[in-house]
Amino acid sequence: MNNKQLDILVYLTGILVAFSVLLPITSLPVLGEVSYHQVAEREANIVIAFCLVNPILLLLGKSRLVILPLTGVWVTLLFPVIKQLLKSDEGFFSQATGQANRITQEFAADLFMNVTEFSWGGYVFLAALAGFTITCALRAFR
C-alpha cells in the first residue's frame with residue numbers, strides 16, 4: 001500500500017468517525033436511541049474537529065503529524081474515564097452541586113467503555129475508530 005492509498009484511507013476513516021458520533025450508539029428505555037453527540041455534545045464536536053484536522057495536515061505535507069489529532073481523539077473519548085480515575089475526595093457541597101453535570105459525563109464514559117450495550121451505530125463508531133487509529137499510525141510512521 002502506497003502513501004496515496006493510505007492518505008485516502010485516513011480521509012475516509014476520519015470522515016466515518018466524524019459521521020459516526022451522530023449515529024445511535026445505544027437504546028435507552030425512556031429516551032430511545034441515543035447518539036454520542038446527544039450524550040456528550042462538546043466532546044463529540046472536539047472529536048469531529050480532530051478528525052477534520054488530519055486531511056488538512058496531509059494536504060500540507062505534514063504526514064508525520066497525523067498522530068497528534070488521533071491522540072486528541074482518544075484523549076477526548078477517554079477523558080471522562082481518566083477524570084473518574086483521578087477524582088479526588090470532595091466535600092458534600094461540591095458533590096451535591098456537581099452531581100448534575102457529572103451524570104452525562106459518567107454516562108458517556110460508561111457508554112464508551114461498555115461495548116456490549118452498543119447498538120449498530122456504536123459498532124460502526126468502534127470500527128471507524130479502529131480503522132482511523134490504524135491508518136493514522138501507519139501513515140505517521142511510514
Show, in sequence, the C-alpha distance, side-chain angles and deciding distance for Glu43 and Leu77, and conclude whether the side-chain contact (heavy atoms from CB on, under 4.5 Å) test is met. CA-CA 7 Å; Glu43 289 86 355; Leu77 290 173; over 6 Å; no

Atom pair CG (Leu52) and CG (Leu57), whose distance is rounded to the nearest 0.5 Å: 11.5 Å

Are the side chain of Ser119 and the backbone N or O of Ile25 linked by a donor-acceptor pair below 3.5 Å? yes

d(Leu6 CG, Thr13 OG1) to nearest 0.5 Å is 9.5 Å

Quick one: CZ on Arg142 to CG on Asn2, what's the gap to the nearest 0.5 Å? 7.5 Å

Could you state whether Val124 and Leu126 fall into the same hydrophobic cluster, counting links through intermediate Ile, Leu, Val, Met, Phe, Trp or Tyr residues with side-chain heavy atoms under 4.5 angstrom apart? no

Of Leu16, Val73, Ile15, which is the lone residue that meets side-chain contact (heavy atoms from CB on, under 4.5 Å) with Cys51? Val73

Kindly compute the distance separating CG (Leu65) from CD1 (Ile56), expressed to the nearest 0.5 Å. 13.0 Å

Check whether Leu138 and Ile8 end up in the same hydrophobic cluster, where Ile, Leu, Val, Met, Phe, Trp and Tyr are linked by side-chain heavy atoms less than 4.5 Å apart. no

Once you round to the nearest 0.5 Å, how far does OH of Tyr11 lie from CG of Leu59? 4.0 Å

Check for me, please, whether Phe132 and Tyr123 land in the same ILVMFWY cluster - side-chain distances under 4.5 Å, paths through other members count. yes

side-chain contact (heavy atoms from CB on, under 4.5 Å) assessment of Ile46 paired with Phe79: CA-CA 12 Å; Ile46 292 170; Phe79 183 72; over 6 Å; no

Is a side-chain N or O of Ser35 found less than 3.5 angstrom from the main chain of Gln38, in a donor-acceptor match? yes

Measure the shortest side-chain to side-chain distance between Thr71 and Phe50 over non-hydrogen atoms and say whether it is less than 4.5 angstrom. no

Tell me the closest heavy-atom pair linking Phe125 and Ser20, and the distance in Å. CD1-OG, 3.1 Å

Working note: Cys136 + Asn54, criterion side-chain contact (heavy atoms from CB on, under 4.5 Å); need CA distance, chi angles, decisive distance, verdict. CA-CA 9 Å; Cys136 286; Asn54 268 349; 3.2 Å; yes

Treat each ILVMFWY residue as a node, draw an edge where side-chain heavy atoms are under 4.5 Å apart, and state whether Leu60 and Leu70 are in one component. no

Checking side-chain contact (heavy atoms from CB on, under 4.5 Å) for the pair Gln5/Leu9: CA distance, chi angles, key distance, verdict? CA-CA 6 Å; Gln5 291 172 331; Leu9 287 176; 5.6 Å; no

Exercise: identify the closest heavy-atom pair between Leu23 and Trp120: CD2-CH2, 3.8 Å

How many angstroms lie between atom CG of Leu58 and atom CG of Asn3, to the nearest 0.5 angstrom? 9.5 Å

Check for me, please, whether Ile134 and Met1 land in the same ILVMFWY cluster - side-chain distances under 4.5 Å, paths through other members count. yes

